[in-house]
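Because only heavy atoms are used, hydrogens play no part in the values below, and waters and symmetry mates are left out as well, while side chains stay in.
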Amino acid sequence: MKKTLIASAIAAATFSGAVAAQESNMPTVYGNIQYALSHTNVDGGGSTVDHFDNGTTLGVKHDHEIAPGITGFLKLELEGINADDKAASSGIDKLDEAYIGVKGDSFGQVWVGSDDSTYESAIDKIVNFHEVGTGIGGSYETGEGDLIQYMSPSFGGLTVGGAVQVNGDGDASNNGKSYPYQLAAIYSVDALELAVAMDSNDGGNGYSSNGPDVNNENTYGVRATYAMGDLSLTGEYQTRKDVSNEFGVIGVYALGANQFSLAYQVVEDDSPGASNGDKEDVIALQALHNLSDNMYVYFEGYMYSSDDAAAYTLESGSGDEQTVAAVGGVYYF
């Protein structure tokens, strides 16, 4: 899961280093270690405590001038270190992001490789905002690999983007070649940002609570964010016919070195079958404190409920309500 907060923090922290690196044409190395401790309780089903690595990464990025007004860039980010338990770690064994591209003021940017998809960046904000994460996002299927993406420059506050995933010859599981695509438009004016996007879901890998035989209906999403000084409010809605509908709102308030947020999400199962109409919702709280320019700690609480009587399962039982409390710390450079 991408961490929007840590990504923003890393970008800010490495700005001066990036300038120095560009002057010497050397790449910028960055990274972070993320620890979290969580307590999960299922009403009537017991509880559990977990200490885990929450996404420790190590990365490198570089850009250079190809011609006046045209820049080439690269990013490679690795994770899978399992920094909480060296006995369980086999080193850096997972790719998070890897891409190359070109950008310019006159034409925007185009990049190729593995990265957050156009749809995810435009719409699916709430699930990626939290450190531990609510686990409730949109029902779009196109992944973050094999992507060719484009984002235009701003035309009076309007930017448009697109992505296509090249899946090659495929196999029996995805019915041969497929080229799922995404489209998005984002309009910013003063304190308001509006976004609309769609995912064709043509990858053939399936998304359904009822098994592998699923539709390839499009996913559609809309989002609005309004910033009022230290307070920002975001609402999002995502839908896919015969799969699910998701709605969410979040408010974020910055107070000095602190950040507080309150979010609510609900997802409705729209798939054919016995589960049709089942709902799950979650209330999520966050309190975060920046200890320094390179380190912060946080508390997050999640309260889930579901129409499914056995939605949340632990070894000692299951139930339809679940609470999660998590504390964590992040050091980044």
| message | For a 4.5 angstrom cut-off between non-hydrogen side-chain atoms, does Gln149 reach Asp115? | response | yes
| query | Side chains of Ser117 and Gln182: is there a donor and an acceptor less than 3.5 Å apart? | reply | yes
| query | Just checking, any donor-acceptor pair under 3.5 angstrom between side chains of Thr219 and Asn201? | reply | yes
| request: Using distance alone, with no hydrogens and no angle criterion, decide if Glu321 and Ser305 have a side-chain donor and acceptor under 3.5 Å apart. | output: no
| said: If you apply the rule side chain to side chain contact (heavy atoms under 4.5 Å, CB included), what do you find for His62 with Asn25, and how did you get there? | reply: CA-CA 8 Å; His62 185 263; Asn25 201 35; 3.2 Å; yes
| Distance-only side-chain donor-acceptor flag, Tyr298 / Glu300, under 3.5 Å | no
| Side-chain H-bond candidate by donor/acceptor type, Glu77 with Tyr30, under 3.5 Å | yes
| request: With side chain to side chain contact (heavy atoms under 4.5 Å, CB included) as the test, would you mind laying out the steps for Ile81 and Thr57 before giving the verdict? | output: CA-CA 7 Å; Ile81 299 172; Thr57 59; over 6 Å; no
| field | Asp124 versus Gln238, side-chain donor and acceptor atoms under 3.5 Å | value | yes
| Is there a donor-acceptor contact under 3.5 Å linking the side chains of Ser306 and Asp320? | no
| said: Tell me whether the rings of Tyr332 and Tyr296 are parallel (<30°), tilted (30 to 60°) or perpendicular (>60°). | reply: tilted
| request: Could you tell me whether the side chains of Asp53 and Asn82 share a donor-acceptor contact shorter than 3.5 Å? | output: no
| said: Is it the case that the side chains of Tyr312 and Glu280 hold a donor-acceptor pair, with the cut-off being a distance below 3.5 Å and no angle test? | reply: yes
| Regarding Thr142 and Asp199, is there a side-chain donor-to-acceptor distance under 3.5 Å anywhere? | yes
| Are Arg240 and Glu217 close enough for a salt bridge, meaning some N to O gap below 4.0 Å? | no
